[in-house]
Amino acid sequence: MNIVILAAGQGKRMKSALPKVLQTLAGKPLLQHVLDTALDLAGKSAKTGPIVVVGHGAADVKHFLQIASEQDARFCKVSAVLQAEQKGTGHALLQALPRLDVSEPTLVLYGDVPLTSKKTLTKLAKLADGVRSQDAALALLTQNLINPTGYGRIVRDIDGSVKEIVEEKDATSEQKRIQEINTGIMVLPTHSLKKWLKALRASNAQGEYYLTDVIAMAVKDGVPIRTTQADAEYETVGVNSRDQLAALERVHQLKQANILMEAGVSLADPARIDIRGTLECGADVFIDVGCVFEGCVTLATGTKVGPYCIIRNSIIGKGVTIHPYSHIDGAQVGASSLIGPYARLRPGADLANDVHIGNFVEVKNSRIAANSKANHLSYVGDSIVGSRVNIGAGTITCNYDGVNKHQTIIEDDVFIGSDTQLVAPVRVGRGATLGAGTTLTKDAPPNQLTVSRAKQISLQWQRPVKQEKKPATKKAATKKVATQKSIKAKK
Ligand code: UD1
Ligand code: MG
């Protein structure tokens, strides 16, 4: 099947420098939602990939397609054609015409209608199927709306067959009362489409080449027209303004929340979760309010995520508790670990089972083995930390010398006193203890107490005493008033 995505329109109402189809829903450009579904629908064996008609912001949209194909090989199949001037939906499709395979039907999608499901499109494609390509029907995805204002109306004959589509601006007051609208999504027989598109005229209220005019042409040519509707209204909703985008975002998020709950996840409030990517959860996971999940996140069975956590591209093990306001990115957390509140795990943080990372602790590119703890105010970077290690409050690995990064190795059963600085590269031997306040610049031997600290002394000493202010003389007071008056006068 040929798939053409119309995406050349301006999207004036967004009032944005970004082309409308690159505005994001669930962290992903609208166009990418459409392309993901289109690629899924076409399947791996498809000869040709989706064609995107670009116009407004064409350079930005092409740049997006380039980056997408570098990150995901599926997108290499996607191509773009330019519609230099936006003369209507029919004119847009005309630009893609030379690339269409006439032996296959053509599915038309809109770049700003992001949530149409594969199921709905499969149903539509089936409806258009003929035994032979020349028997194919024209299949329209329609929708019944309580308020159809602004949309093209589906005009039917007395027998119920579709006669034509009339745009709002060209409709009679009687036609405006029709509640069945054209979603714009349709499947057309390509060999006829070629002929119809070339015959389009812009003789209408908007002076545009309407794709919708091909419906009447199909009727005239005796091509059967069939219609179907999506399961849910949001599937065919287009985005024109920021409020519509925000509304659709909530619909989409609620849908994802419901899928999670059906799979056995507890959400404190399904209206207060944001998944911008994929979130896989085991049974009995609990997620409190205000959490954001980005990229690919896995939460294993029994994990609890406190309020307002942000978790991106991470794997969280069984029975982990993540306390509020924690920020986890590119990390792996072993079973039964305790994280936060206010913890920050950065890329390469790899924690084994039963690790405790407490408040205001940052871990980056470090492996921490089982049963180790860093409970307060620490930075662990570029480190390998053994088992049963205790990292005291305020400990910092000084991994960066201003030019290069260096590694810190802390072996099993080490105890690090508070406010210690480990100047990397440095190694703390198994079972060593570092005294509080140590600045470690050389390796610490195993099983010994290492401490670097100025010697503590006590002196007899008198605290300075606050001096009494001298009472102001009459002369000085008069002078002060005079100066203030002159400042006021100058102002
Ligand atoms: C279109 C349909 C209308 C339908 C409505 C559904 C026509 C004539 N009308 O109207 O029946 O109810 O969508 O939302 O088809 N585009 C281009 N190039 C252009 C013009 C548009 O690529 O020259 C793209 C837009 O980027 C958008 C899509 O086509 O993705 C629809 O364009 P839009 O201007 O929104 O059409 P409507 O007037 O809403
Ligand atoms: Mg529109």
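All values reported here derive from a predicted model rather than from experimental measurement. In listed order, ligands and their atoms are each counted from 1. Heavy atoms only: backbone and side chains are in, while hydrogens, waters and symmetry mates are out. The chain is numbered in sequence order, starting from 1.
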- Message: Check whether T303 reaches the backbone of G317 with its side chain - one donor and one acceptor, N or O, closer than 3.5 Å.
- Response: yes

What about [X]: any of its N or O atoms under 3.5 Å from an N or O on ligand 1?
{"X": "Y151", "value": "no"}
{"X": "Q83", "value": "yes"}
{"X": "A92", "value": "no"}
{"X": "V53", "value": "no"}

In terms of atom number and element, which parts of ligand 1 are under 4.0 angstrom from non-hydrogen atoms of [X]?
{"X": "G152", "answer": "3 (C), 4 (C), 11 (O), 12 (O)"}
{"X": "K87", "answer": "23 (O)"}
{"X": "A7", "answer": "22 (O), 26 (O)"}
{"X": "T89", "answer": "7 (C), 8 (C), 15 (O), 20 (C), 21 (C), 29 (O), 31 (C), 32 (O)"}
{"X": "E167", "answer": "2 (C), 3 (C), 7 (C), 8 (C), 9 (N), 10 (O), 11 (O)"}
{"X": "Y210", "answer": "8 (C)"}

- Does G55 have a non-hydrogen atom less than 4.0 Å from ligand 1? no

- Could you tell me if any non-hydrogen atom of G88 lies under 4.0 Å from any atom of ligand 1? yes

- Item | Geometric class of the Y342/F360 ring pair [parallel <30°, tilted 30-60°, perpendicular >60°] | parallel

- Is the H33 ring parallel, tilted or perpendicular to the H252 ring (thresholds 30°, 60°)? perpendicular

- Region of T183 engaging ligand 1 - heavy atom pairs below 4.0 Å: backbone

- Are R346 and N365 side-chain neighbours, meaning at least one heavy-atom pair lies under 4.5 Å? no

